[in-house]
Amino acid sequence: MTSSYQFDHNAFAADLQSNYAALSDGEESGVQVRVAGRLMLLRRQGKLAFATMRDSSGEVQLFALSQVTEEFEAFSKLHLGDWVGVEGEVVRTKRGELSVKVATWVRLAEALHNFGDKWAGIADFDLRYRHREADLWANDVSRRSLLRRSHVVRAVRERCWAQGFVEVETPILNPIPTGAAARPFKTHHNALDAEFFLRIAPELWLKRLVVGGFERVFEIGRLFRNEGVSPRHNPEFTSLELYAAYWNYEDMMTFTEELVAGVALDVLGTTEIEYQGRQLSLSTPWARRSMTELASEGVGEEISVHTPREHLVKLLADRDVVAHASWGPGRCLEELFGATMEATLWDAVFVTGHPVEISPLARRDPDDELLTQRFESYAAGRELSNGFSELIDPVEQRARFEDQARLAAAGDDEAMVIDEDYLRALEWGLPPTAGLGVGLDRLAMLIADESNIREVIAFPTLKPLRD
RNA sequence: GCGCCGGUAGCUCAAUUGGCAGAGCAUUUGACUCUUAAUCAACAGGUUCCGGGUUCAAGUCCCGGCCGGCGCACCA
């Protein structure tokens, strides 16, 4: 059995296809190349054998002949899925297929399992997600979507660097879960004998770096939320979080739309994309609509955060939403927006002016004390990003945290806890700053035209097999 | 967590009102000097997800469990 510890490979399938496109049927190039990849198909024809080999760039045919190919019999008995390294001349067969005429070859690895039906691939979700390595060979779409995700992350990073943002990394193990309202995962450090939570957001750490003088920072990283799994939610997901000193939320909206539209342009070459069979526009400028206006449109009457709570609760009940006792008018307004209008927002749009009640870290709107300078962007009916002018006043921030603590006491198990370290950081002075969070998996779904978040995560969280 | 749907050979899928569990591909063997999902012939391949139950008889019906898809809830 032929085997090898390495292979000096000097050509890729796709390059051969383009470099020898002019080679005519039956013509031999006289050029020897060394290619390597996995056997996808194998057709034995007596003293000839044809194999389709795929590498990371594409596919090329291997043409073996008993008179030319070393160990021809063994070659013709290779299994689908085996990795091979081949040396031979670039030729085009009489029937027009560009090929490497195999002179010498080596089996680099053996495949003991097949890679699914060679026509239908692998359809079983369980098998596809639990063994993505096989799925990637069996299904072109799987490979394409994960590749697009990689291109999205690269484009985001490059565009942030281009604007002078410094990439940083902040702790994943946190003594208290802060920066967002979500249920955390809990773990334990043995030597410190201390409880830690996996981060639900890097927000407060990043703002502390702004206090420290990093005027523009961003972090791309994994967040962990101990919540339901769905086609749009994975327990661990990737976010971009970014802060810019001296900006306000309007500056950040401009940055956001240019970032997202720019990523679409970088990866797809257009900002007018097709998503799930429907045209979707990411072209700038995005529409800007206040949550108050949208909620009013949704319920068919003028409402706001100043509308009596009882009335908002009734409007919610009309829509089969039961208001929790801890919800004030602000939360009710948001719920009404969510119940009526959120799913209808197809083209990219900014929703602005969130109530203070649901925005404990955002700066108050000077024109309405109950609202904040905050925005969320939506596309395809889903939230894509969230940003605001940061609350920089340590006294007010403490009061906001205390409001959250009261919510927690009232039974809201996702309310924030008081972060004394963060309050102390604010006391050293946070300049006027705007922040942004973008769900990169969500963005990748949009760009890859996928409706299930698992398709843009190489190894999505699955329930472990038991029994 | 709740609801609906699904799980049959390594892979993709069949199996009529409950009546002998099948095909294609892959694997194995053989034929074939220009194939393209090659073709042709033959062999082999099964705890029908698991555990109970009903029945003369269960892949099919009932109950429980496991895993998945979708929806709801939660959220990004």
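Set against B:rA37, B:rU27, B:rG68, the side chain of A:R454 has B:rG68 as its closest nucleotide. Candidate nucleotides B:rU12, B:rU27, B:rC67 were compared by shortest atom distance to the side chain of A:L465, and B:rC67 ranks first. Of the candidate nucleotides B:rC74, B:rU36, B:rU12, B:rC74 has the atom lying nearest to any side-chain atom of A:E227. In the set B:rC74, B:rC32, B:rC67, the nucleotide with an atom closest to the side chain of A:R130 is B:rC67. For A:T93, the listed nucleotide lying nearest its side chain is B:rU36; candidates were B:rU33, B:rU36, B:rC74. Distance from the side chain of A:L127 is smallest to B:rC11 among B:rC67, B:rA37, B:rC11. For A:N452, the side-chain atoms get nearest to B:rC70 when compared with the rest of B:rC67, B:rC32, B:rC70. Of the candidate nucleotides B:rC11, B:rC67, B:rC72, B:rC11 has the atom nearest to the side chain of A:D117. Listed nucleotides B:rC70, B:rA37, B:rC74 differ in distance to A:P231; the shortest reach to its side chain belongs to B:rC70.
Comparing the P positions of B:rG10 and B:rC20 gives a spacing of 22 Å, expressed to the nearest Å. B:rC2 and B:rA44: their C1' atoms are spaced 46 Å apart (whole Å). Using C1' as the reference atom, B:rC13 and B:rA38 are 23 Å apart when rounded to the nearest Å. Taking atom P on both B:rA23 and B:rA14, the two are 16 Å apart, rounded to the nearest angstrom.
Residue A:F255 is tested with A:F350, A:F375, A:W247 for a ring pair (Phe, Tyr, Trp, His ring centres under 6.0 Å); the sole match is A:W247. For the side chain to side chain contact (heavy atoms under 4.5 Å, CB included) test with A:F72, the passing option among A:R44, A:Q67, A:K77 is A:R44; the others fail.
B:rA76 atom P lies 17 Å from atom CG of A:L446, rounded to whole Å. Rounded to whole angstrom, the span from the CG atom of A:L42 across to the C1' atom of B:rU27 amounts to 13 Å.
Residue-nucleotide stacking is present for A:F237 and B:rA76, judged by a side-chain ring centre under 5.5 Å from the six-membered base ring centre and planes under 30° apart. Here A:F125 does not lie in a stacked arrangement on the base of B:rG68, lacking the combination of planes under 30° and ring centres under 5.5 Å apart.
When both pairing distances are held under 3.5 Å, B:rG18 makes no Watson-Crick or G-U pair with any nucleotide shown. When both distances must be under 3.5 Å, the Watson-Crick or G-U wobble mate of B:rG3 is B:rC70. Nucleotide B:rC11 forms a pair with B:rG24, judged by Watson-Crick or G-U wobble geometry with both contacts under 3.5 Å. In this structure, B:rC34 makes no Watson-Crick or G-U wobble pair, since no nucleotide meets both defining distances under 3.5 angstrom. When Watson-Crick and G-U wobble pairs are counted only if both distances are under 3.5 Å, B:rG64 pairs with B:rC50.
Contact check, A:Q45 against B:rC34: a side-chain N or O comes under 4.0 Å of OP1 or OP2. Residue A:R44 places no side-chain N or O under 4.0 Å from the OP1 or OP2 atom of B:rC32. Between A:K118 and B:rC25 there is no side-chain N or O to OP1 or OP2 distance below 4.0 Å.
The closest side-chain donor-acceptor pair between A:E450 and A:S145 falls under 3.5 angstrom. Under 3.5 Å, the side chains of A:T170 and A:R208 contain no donor-acceptor pair of N or O atoms. Side chains of A:E334 and A:H354: a donor-acceptor N/O pair is absent below 3.5 angstrom, by distance only.
With a 6.0 Å radius and a threshold of 12 heavy atoms from other residues, nucleotides or ligands, A:H324 has its NE2 atom above the threshold.
Summary of the strand contacts: A:P464 and A:K94 both lie near RNA chain B, and taking for each the nucleotide with the nearest heavy atom, the more 5' one is attributed to A:K94. Place A:L384 and A:L48 on RNA chain B by their nearest nucleotides, and A:L48 ends up nearer the 5' end.
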